[in-house]
There are 2 protein chains.
Amino acid sequence: MPFTAYDSETCSIARTLALVGDRWSLLVLRDLANGVRRFDELAGHLGVARTVLSQRLARLVDAGLVERVAYRDNGARERHEYRLLGPGRELAGILLAFLAWGDRHLAGPDGPPAVPRHADCGAPVRLVLTCDDGHELGPRPRLRLEPGPGSRLAATQ
Amino acid sequence: MPFTAYDSETCSIARTLALVGDRWSLLVLRDLANGVRRFDELAGHLGVARTVLSQRLARLVDAGLVERVAYRDNGARERHEYRLLGPGRELAGILLAFLAWGDRHLAGPDGPPAVPRHADCGAPVRLVLTCDDGHELGPRPRLRLEPGPGSRLAATQ
DNA sequence: GCCGCTGAGTATCGAAAGGCAACTCAGCCG
DNA sequence: CGGCTGAGTTGCCTTTCGATACTCAGCGGC
């Protein structure tokens with residue numbers, strides 16, 4: 001059965017991309033993961049249009065990746081900030097994969113612009129690809145997607 | 001120094017997103033990694049507009065992730081297909097990270113729609129996050145991006 | 001008590017990107 | 001010679017994006 005026999009949109013890659021696969025969502029999540037929490041800070045740092053930021057945050061809140069939390073600065077009026085929830089924090093793997101690839105292929109001669117570290121021990125962090133037989137796969141793994149229990153056949157063709 | 005002091009676009013995450021961070025590029029790469037190589041097959045399976053597919057393939061070829069190779073079916077005229085190059089195959093980590101997240105959070109009750117396997121031994125494959133001190137970080141790692149040698153300060157502010 | 005400031009958005013409008021359908025183009029086959 | 005097929009390109013329309021301007025709520029100063 002060729003790969004094209006399976007519905008493209010059912011795949012978890014496609015579903016996840018539909019949620020966060022635009023130009024800005026992952027950058028918003030990156031900033032949230034690094035302590036940038038307020039609307040104007042996000043807009044200023046990312047350079048995203050405020051309308052778009054507003055929509056993206058609403059979508060992320062809706063999907064349960066982010067929560068909107070009230071706060072109050074020293075005698076200022078109550079405002080809201082955005083914080084990662086558990087599912088949002090689990091996106092770290094995606095962000096690290098982007099980071100690692102960019103470091104290998106798009107970094108300038110000075111080296112990587114940013115290094116991810118374990119917040120608890122301070123050591124650099126890396127993603128490792130292993131298979132259940134215990135092989136460690138290198139950076140260019142040969143692998144194949146096979147249909148799982150939730151697979152569906154493509155509607156057309 | 002707060003995270004916002006560093007230029008958002010210099011980050012490898014931002015650079016990689018600028019290259020493949022749209023609705024379709026990663027799906028094209030997913031299909032290429034699974035043996036779908038021809039323009040019409042890709043267009044049909046993904047449901048992407050042919051114009052957009054054409055642009056995306058051109059960009060991927062340009063960036064060196066994909067090559068355009070001539071082939072000839074039994075006595076048909078020469079045509080071209082698209083194949084992953086090394087840097088394109090290295091995107092597997094990104095695809096697997098999307099897949100894993102989607103399986104955890106967006107899969108239906110039937111389970112994951114697709115399972116990634118090591119092409120050599122057939123065993124399922126997974127991404128593991130470790131730090132250089134040997135800790136294995138769980139699915140919700142607490143980590144922080146710190147400036148690396150190639151970091152740059154933000155232009156404004 | 002009014003004024004203006006600030007953070008956090010919405011409104012509006014032109015520009016860019018995406019999608020659909022129709023057209024082109026090259027060569028093989030009958 | 002005319003049609004078929006794979007691989008795009010062209011044109012047109014719709015949706016999304018981005019920039020600027022406006023709103024809104026409350027606090028602090030005067």
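Below, chains carry the letters A, B, ... as their sequence lines are ordered, and counting in each starts from 1. Computed from a prediction, not measured in an experiment: that's the story for all the values here.
Using a 4.0 Å cut-off between charged side-chain N and carboxylate O, R15(A) and E9(A) make no salt bridge. A salt bridge is defined here as a Lys NZ or Arg NE, NH1 or NH2 lying under 4.0 Å from an Asp or Glu carboxylate O, and R56(A) with D22(A) meets this definition. Salt bridge absent: E67(B) and R83(B) never bring a charged side-chain N and a carboxylate O closer than 4.0 Å.
Comparing dT10(C), dG27(C), dG11(D) by their nearest atom to the side chain of T51(B) picks out dG11(D). With distances taken from any side-chain atom of D40(A) to the nucleotides dG19(C), dG18(C), dA8(C), the minimum falls on dA8(C).
Remark: R37(B) is not in phosphate contact with dG6(D), judged by side-chain N or O atoms under 4.0 Å from OP1 or OP2. Within the 4.0 Å cut-off from OP1 or OP2 of dG19(C), at least one side-chain nitrogen or oxygen of W24(B) is found. OP1 and OP2 of dA17(C) both lie 4.0 Å or more from every side-chain N or O belonging to R59(B). Note on Y82(A): every side-chain N or O is 4.0 Å or more away from OP1 and OP2 of dG7(C).
Rounded to an integer number of Å, the gap from Y71(B) OH to dG6(D) C1' is 7 Å. If you measure from atom CD of Q55(A) to atom P of dA11(C), you get 12 Å, rounded to the nearest angstrom. Remark: P of dG18(D) and CZ of R50(A) are 14 Å apart, rounded to the nearest angstrom. Rounded to an integer number of Å, the gap from D73(A) CG to dC27(D) C1' is 13 Å. Note: CG (L57(A)) to P (dG7(C)) measures 17 Å, nearest angstrom. The distance between atom NE2 of H80(A) and atom P of dA25(D), rounded to the nearest whole Å, is 13 Å. In this entry the distance linking CG of L53(B) with C1' of dG8(D) reads 10 Å, nearest Å. As a whole-Å value, the separation of E41(A) CD from dT6(C) C1' is 14 Å.
Using a 4.0 Å heavy-atom cutoff across all strands shown, R23(B) reaches no nucleic acid atom at all.
With DNA chain D read from its 5' end, the first of the two nearest nucleotides for V48(A) and R79(A) is the one closest to V48(A).
One donor-acceptor pair, N or O on each side, does fall under 3.5 Å between the base of dA25(D) and the side chain of R77(A).
The minimum heavy-atom distance linking R72(A) with R77(A) is given by the pair NH1-CA, 3.9 Å. When all heavy atoms are compared, the tightest approach of W24(A) to V52(A) is CD1-CG1, 3.8 Å.
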